[in-house]
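Data first, discussion second: the structure below is written as structure tokens.
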Amino acid sequence: MKIIFGYYDDEDFGLTEYPEIIQSEKNEEVSDEEYEQEKEKVEQYRKYLVTGIMEDFQYPESCDEVLVAIKDIENGKSFGTEWDGQAFQHEITPHYVQFVHTIFGDSEEYPVWTCRLKEYKKVLHTWKSFLELPKDLESRIEVGI
């Protein structure tokens, strides 16, 4: 699976960021069940990980703040941290990141969701790099997870 960040030209708002998540191709080595599981994973990543990062980290500096906190966690200087965003509260631990919707909390539509710290860090770093690119239709960046 890979995530691509880019821009599209919105007639009302001008250049607007968008994410695209591309699922791996179905092949003989992947069972139908595994393929469906990855499809579900893509939807969860879109709903939580990608939306959370894009909505809650509008500037490279905010990404830097959390990336420094993650480095402290990885180096054993911290046991975890939290980031209160507009869309989600991000509870960052040494092994995973938990997402809780800031308005609905743990609800039927938005149950608490987690992903591995490694994936979160990779996507957050890529998003930061994207934000540092020129705001242009040609600006695109992708990351495999």
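Atom set for the values below is all heavy atoms of this structure, side chains included, hydrogens, waters and symmetry mates excluded. Note that the structure is predicted; figures quoted are calculated from it, not measured. FYI, the numbering just counts along the sequence from 1.
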Next item on the list: Following the transitive rule for hydrophobic clusters with a side-chain heavy-atom cut-off under 4.5 Å over Ile, Leu, Val, Met, Phe, Trp and Tyr, establish whether I21 and Y35 coincide in one cluster.
Entry: no
Next item on the list: Could you tell me the separation between the CD1 atom of I145 and the OG1 atom of T126, rounded to the nearest 0.5 Å?
Entry: 9.0 Å
Next item on the list: Could you grab the distance from atom CD of Q86 to atom OG1 of T102, nearest 0.5 Å is fine?
Entry: 8.0 Å
Checklist line | Contact summary for P94 and L117, nearest pair of heavy atoms | finding: O-CD2, 3.5 Å
Next item on the list: Of all the heavy-atom pairs spanning A87 and E55, show the shortest one and how long it is.
Entry: CB-CB, 3.9 Å
Next item on the list: Measure the spacing between NZ of K41 and CD of E119 and express it to the nearest 0.5 Å.
Entry: 5.0 Å
Checklist line | Nearest non-hydrogen partners of P134 and S139, listed with the distance | finding: O-OG, 2.5 Å
Next item on the list: Before accepting this row, confirm whether a basic side-chain N of the pair K128/E132 lies closer than 4.0 Å to the acidic partner's carboxylate O.
Entry: yes
Next item on the list: Under the ring pair (Phe, Tyr, Trp, His ring centres under 6.0 Å) rule, collect the residues that match up with Y7, sequence neighbours excluded.
Entry: F130
Check: Among pairs that include at least one residue of residues 98-113, which meet salt bridge (Lys or Arg N to Asp or Glu O under 4.0 Å), considering only residues two or more places apart or in two chains?
Finding: none
Check: Which pair of non-hydrogen atoms, one from M1 and one from V42, has the smallest distance, and what is that distance?
Finding: SD-CG2, 3.8 Å
Checklist line | Approximate separation, where rounding is to 0.5 Å, of T16 OG1 and E11 CD | finding: 11.0 Å
Contacts table for residues 69-85: side-chain donor-acceptor under 3.5 angstrom, sequence neighbours left out:
| residue | atom | partner | partner atom | Å |
| --- | --- | --- | --- | --- |
| E74 | OE1 | K121 | NZ | 2.9 |
| E74 | OE2 | K121 | NZ | 3.2 |
| N75 | ND2 | K71 | O | 3.2 |
| S78 | OG | G80 | N | 3.2 |
| S78 | OG | G80 | O | 3.1 |
| E82 | OE1 | Q89 | NE2 | 2.7 |
| W83 | NE1 | D56 | O | 3.2 |
| D84 | OD1 | Q89 | NE2 | 3.3 |

Item checked: For the student: nearest non-hydrogen atoms of K122 and V143, plus distance -> CG-CG2, 3.6 Å
Next item on the list: May I ask whether F57 and V100 are part of the same hydrophobic cluster, defined by side-chain heavy atoms of I, L, V, M, F, W, Y residues being less than 4.5 angstrom apart, directly or through others?
Entry: no
Notebook entry, point to check: Are Y45 and W113 close enough that some pair of their side-chain heavy atoms sits under 4.5 Å apart?
Noted result: yes
Check: What's in the same ILVMFWY side-chain cluster as I4, cut-off under 4.5 Å, chained through other members?
Finding: I22
Check: Would you say F5 and V50 make side-chain contact, with heavy atoms under 4.5 Å?
Finding: yes
Note to self: Under the rule for ring pair (Phe, Tyr, Trp, His ring centres under 6.0 Å), what residues qualify as partners of Y120, not counting sequence neighbours?
What the structure shows: H90, F99
Note to self: Using side-chain heavy atoms (C-beta onward) and a distance below 4.5 Å, is L67 in contact with H125?
What the structure shows: yes
Item checked: Within 6.0 Å of CD in E38, more than 12 heavy atoms from elsewhere -> yes
Margin query: Working to the nearest 0.5 angstrom, can you tell me the gap between H95 NE2 and C115 SG?
Written below: 14.0 Å
Next item on the list: Could you grab the distance from atom CG of D64 to atom OH of Y59, nearest 0.5 Å is fine?
Entry: 14.5 Å
Notebook entry, point to check: So, do M54 and P19 sit near enough that their side-chain heavy atoms are less than 4.5 Å apart?
Noted result: yes
Next item on the list: Could you check whether the rings of Y110 and F104 sit parallel, tilted or perpendicular, using 30° and 60° as the cut-offs?
Entry: parallel
Check: How would you list, by chain and number, every residue that makes a ring pair (Phe, Tyr, Trp, His ring centres under 6.0 Å) with Y96, sequence neighbours excluded?
Finding: none
Item checked: Donor-acceptor contact below 3.5 Å, side chain E142 vs main chain E20 -> no
Margin query: Membership question, hydrophobic clusters at under 4.5 Å side-chain separation (ILVMFWY): are L133 and I3 in the same one?
Written below: yes
